[in-house]
Amino acid sequence: MGKISVKLPDGSFREIESGSTVAALASAIGTGLAKAAIAGKIDGRLVDLTATLFDGANVEIITEKSPEALEIIRHSASHLMAQAVKELFPNAKVTIGPAIETGFYYDFDLENPFTPEDLERIEKRMAELADSDIRIERFELGSGEAIDFFNRMGETYKAELIKDIGADTVSIYRQGEFADLCRGPHLPATSRIKAFKLLSIAGAYWRGDEKNRMLQRIYGTAFADKKELETYLHRLEEAKRRDHRKLGRELDLFSFSDEVGAGFPIWHPKGAMLRTILEDFERKEHLNRGYDIVVGPQVLKAELWQRSGHYENYRENMYFTEIDEQSYGVKPMNCLAHMMIYKSQLRSYRDLPQRYFELGTVHRHERTGVLHGLMRVRCFTQDDAHIICTPEQLDSEIKGVLSFVDHVMQKFGFEYEMELSTRPDKSIGTDADWENATNALLAALEESGRAFGTNEGDGAFYGPKIDIKLRDCLDRRWQCATIQCDFTLPERFDLTYVAPDGERRRPVMVHRVILGSIERFIGVLIEHFAGNFPLWLSPVQAVLLTVTDNHIPYAQEVFKQLRSGGVRISSDFRNEKLGFKIREAQLQKIPYMLVIGDKEVEHASVAPRYRDGKNLNSLSPADFIDFVRKESAEYR
C-alpha cells in the first residue's frame, strides 16, 4: 500500500498508509490521543473514527474536550436510550431522537404511557448497556434495501423517513441488536457514554403535526463526565426553585384560569405594579431617545393584512373576526397602524427619521402544547417601535438601537449574545431588497465590535433581523430584543418622503423591540432574581409591621407619609407575633420590613430590616424615603 499525506490543525502534515482511518491517524500521533479520540473531522465534516482518510485531507481528531464532542455524546446517548426502550418494551416503535441544546430526546410510539418508574428502569438498562462496551458500527444500504430492512423490524416510521429523504443510499448505526437510521457520527462504543440522566416524559405529535399520531417523548441529558452532569442537575433543581409559574403564584403576581382560556395571563395588583414600573421605565427611555408614543387599534381590516403579506405568511398565527359583514384581523404586530400614522401626511426628508413607540398588546394563536407560563402566551404586550428613515440614515438608526439594547441590558445586569437571522424560505420582497437589508444589519454588527453568530433562514418574512438573546444567572438564553430591517413593507404601503431634489423616494423601516414581550421579560426577571427583585423593581418596597395593636395609630401615620413620599408600601397590623409577620414578609420577598414598637413610637422612627435578616439603623420616615430614592436611583 502507498502513503498519503494529511494536514493537521496546527498546519503540519502527516504521512500515513493509504486506506487508514481516523482512529489509525490518532494512534500514529500518540497513544494518549488514540485513547481520548471519539470522532474526527475531515475537511470540516464530522465523521466516525472508522472513516477512511484520503490524500490532502484536512483532519482533526475530536476528543471529549472538543466543542463538537457534547453533541456526539448526546446523540449517542439518545440511541442508547432507544436501545434500552426496545429491550424493555419490544412493541415500542422508534421515530426520531436528536441531540438538542440541553441534552437529547427520543420519540416513541407505544400504546401504554411511560411512567416515572419506567424511566428508572430504562435508565438502569442504559447503564448496563453502557457497561457492556457494545461496539457502535456504521453501514450503508440502498434506500430500497433500507426500507425493507426497517419494515422487517416493524419500524415503519424509519421506512417513512427514508422515503422522504429521497437519497440513493442511507447510513445506519448498529449496536448489538439495535439498529437506527442516522447520519452520525457516533461514539465508537457504548462504554464511552459515561454520564447521563433521564429527565421527563412529554407528548409530541409525529413530525410536529397535530393531525398525526401522538407519540411519547423521553427527554434526557448527557455529559462527558459525571461532575458536569451533577452541575447541570443542580442547575435544573435551581431552575425549578426559581420557576416563574411557581413564584408567580406564591408572590401573588399573576394567574391563569381555564375559565378564561389557556395562554391569557391575569395580572394581580402586585404583578400589574411590576408591569407598570417596567412600562414607565420604557416610556422614559424612549422619550429620551427621540421616540414619539403612539397607540394603534386592536383590530384592522383583513385587506391591510393581505397587503402586508401577513395573511399569506402569518395567517395561522392570527385571530380573525367580522364587523358589519367585513373581515378584520386581531393584530399580532403593531407595524400596520404605525405605517398608517406615517402616511397620514406628506413627509419631507427633513422630518425623518420618524420613531413611533407603542406598548402594544398583540394576540397570536399559539398551539396549546407550546404554551409555557409567561414565556409563551397568546396575548402579550411588546415594547414595539418602528423607525422610518432614509436609506442614508439606516446605519446610524440600527447602531442607535444596538446602543439602546446595550444600555437597557446593563440596567438589568444581563449579558447577551447576538445573531443575524437571514431570509427564510417563506418570504416577500425582491432579492435586491433582502440583500440591502441584510448588508445594513451586517455592517452595523461588524462595526459594533461584538461577536455574533448567523442563523440561516430564520428572519421575518419581510426582512432579516438581529436577534439578541440575554443570559440569565443560570446561563440560559432568552430571546428578547430584535432588530428587523425592512425594505418591503414601505413598498407595499407606498410610503414616501420628499427628497432634497423634490422627488418622491421610498424610506426604509426598522422594526424593533428592546425587552420584547413584557410578559416573557417579567418571567425571565422572576427566575433571574428568584423573585428577589432589586428595590427599584419591587412591586412592594417595604412593609410596616406592628409589634402590638398599641402601635397601629403611629404606624398608620407612617404609612401615609411613606406612600405620599413615593415608597411602595404595604402594612401588616394583624394581632400576630412579630416573628410570624417577619417570616411572611420574607416569603413574599419584600426588600424592607419596618418594625414599629415602643422605641419607634417614642422616637418617631422606623427600624428597617432587610429581607436577608440584616438590621439597619433606625431612621425617621423622611430619611427612609430618601434612602429608598437613593438606592433606587443607583439602578435607574
Side-chain angles (χ1 to χ4, degrees), residues 263-264 294-344 354 356-367 370-371 376-388 421-431 433-434 436-438 441 455 457-467 479 481-496 506-513 516-520:
F264 297 99
V294 299
V295 179
Q298 284 297 115
V299 295
L300 298 91
K301 286 183 177 179
E303 294 168 1
L304 283 180
W305 299 113
Q306 290 165 356
R307 194 193 312 176
S308 68
H310 286 84
Y311 194 84
E312 179 184 356
N313 296 279
Y314 204 75
R315 181 173 49 190
E316 65 274 12
N317 296 104
M318 293 180 64
Y319 299 103
F320 290 89
T321 187
E322 268 199 13
I323 304 173
D324 297 332
E325 299 182 352
Q326 186 160 10
S327 180
Y328 283 75
V330 180
K331 68 175 180 180
M333 302 172 186
N334 300 290
C335 46
L336 268 60
H338 294 189
M339 287 189 287
M340 294 298 103
I341 295 170
Y342 182 87
K343 286 188 67 171
S344 66
Q354 292 284 309
Y356 303 134
F357 168 65
E358 178 177 4
L359 283 162
T361 298
V362 298
H363 291 76
R364 296 182 185 175
H365 178 233
E366 301 282 4
R367 283 183 287 183
V370 302
L371 297 175
R376 196 74 172 263
V377 291
R378 289 173 171 156
C379 170
F380 59 94
T381 300
Q382 292 179 302
D383 60 337
D384 205 359
H386 294 87
I387 303 168
I388 302 174
S421 296
T422 60
R423 187 174 190 172
D425 293 333
K426 198 173 183 181
S427 61
I428 60 175
T430 66
D431 291 343
D433 284 345
W434 274 87
N436 289 335
T438 303
L441 295 177
N455 190 4
D458 200 41
F461 71 84
Y462 46 77
K465 59 180 179 172
I466 298 170
D467 286 324
Q479 171 67 56
T482 187
I483 307 167
Q484 302 168 352
C485 187
D486 179 7
F487 283 75
T488 304
L489 289 184
E491 179 75 29
R492 289 200 167 199
F493 282 82
D494 193 28
L495 305 188
T496 62
R506 192 76 68 203
V508 187
M509 184 157 68
V510 176
H511 311 242
R512 45 103 299 187
V513 293
S517 159
I518 298 297
E519 283 74 5
R520 177 184 293 177

Taking all non-hydrogen atoms of both residues, which atom of Val330 and which atom of Val299 are closest, and how far apart? CG2-CG1, 3.8 Å

Answer yes or no: is there a donor N or O on one side and an acceptor on the other, between the side chain of Arg364 and the main chain of Pro332, under 3.5 Å? yes

Where at least one partner belongs to residues 295-318, residue pairs that pass salt bridge (Lys or Arg N to Asp or Glu O under 4.0 Å), sequence neighbours excluded: none

Nearest heavy atoms of Phe357 and Ala385, plus distance in Å: CA-CB, 4.1 Å

Between Thr422 and Gly457, is there a donor-acceptor pair closer than 3.5 Å when you use the side chain of the first and the backbone of the second? yes

Might you work through the ring pair (Phe, Tyr, Trp, His ring centres under 6.0 Å) test for Tyr462 and His511, ending with a clear yes or no? CA-CA 10 Å; Tyr462 46 77; His511 311 242; 4.5 Å; yes

Nearest non-hydrogen partners of Leu300 and Ala337, listed with the distance: CD2-N, 4.3 Å

What distance do Arg506 atom CZ and Thr496 atom OG1 have between them, rounded to the nearest 0.5 Å? 7.0 Å

Going by the rule side-chain contact (heavy atoms from CB on, under 4.5 Å), which residues pair with Thr361 if we only count those two or more places apart in sequence or in a different chain? Gln298, His363, Cys379, Thr381

Closest heavy-atom pair and its distance - Met340, Phe493: CE-CD2, 3.6 Å

Got a second to check how far Asp433's CG is from Thr488's OG1, nearest 0.5 Å? 5.0 Å

Is Arg423 paired with Asp431 through a side-chain N to carboxylate O contact shorter than 4.0 Å? yes

Euclidean distance, Leu371 CG relative to Arg378 CZ, rounded to 0.5 Å: 4.5 Å

Report yes if some heavy atom in the side chain of Ser427 is under 4.5 Å from a heavy atom in the side chain of Asn313; otherwise report no. no

Is a side-chain donor or acceptor of Trp434 paired with a backbone partner of Ile428 at a separation under 3.5 angstrom? yes

May I have the step-by-step check of ring pair (Phe, Tyr, Trp, His ring centres under 6.0 Å) for Phe320 and Tyr311, ending in yes or no? CA-CA 10 Å; Phe320 290 89; Tyr311 194 84; 5.5 Å; yes

If the condition is side chain to side chain donor-acceptor pair (under 3.5 Å), which residues does Glu358 pass it with, not counting sequence neighbours? Lys331, His338

Considering all heavy atoms, the nearest Lys343-Asp494 contact: CE-O, 4.4 Å

Atom pair CZ/CG of Phe487 and Asn436 - distance to nearest 0.5 Å: 5.0 Å

A side-chain contact here means heavy atoms from C-beta on lying under 4.5 Å apart; do His310 and Leu336 qualify? yes

Kindly write out the residues that satisfy side chain to side chain donor-acceptor pair (under 3.5 Å) with Glu366, not counting sequence neighbours, or none if the list is empty. Arg376

Go through the steps to decide whether His386 and Met339 satisfy the test side-chain contact (heavy atoms from CB on, under 4.5 Å), and finish with yes or no. CA-CA 9 Å; His386 294 87; Met339 287 189 287; over 6 Å; no

List the residues meeting side chain to side chain donor-acceptor pair (under 3.5 Å) with Asp384, not counting sequence neighbours, and say none if there are none. Asn334

Looking only at heavy atoms, which two atoms of Arg492 and Ser308 are closest? And how far apart? NH1-C, 3.8 Å

Give, for atom CE of Met509 and atom CD1 of Ile388, the distance between the pair rounded to the nearest 0.5 Å. 6.0 Å

Considering only heavy atoms from C-beta outward, does the side chain of Phe380 approach that of Ile518 to under 4.5 Å? no

Would you indicate whether the side-chain heavy atoms of Tyr314 and Trp305 approach each other to under 4.5 Å? no

Using the side chain to side chain donor-acceptor pair (under 3.5 Å) criterion, which residues pair with Asp458? Sequence neighbours excluded. Asn455

Ignoring hydrogens and geometry, is there a side-chain-to-backbone donor-acceptor pair from Asp383 to Leu359 under 3.5 Å? no

Between Ser421 and Asp467: side-chain donor-acceptor atoms closer than 3.5 Å: yes

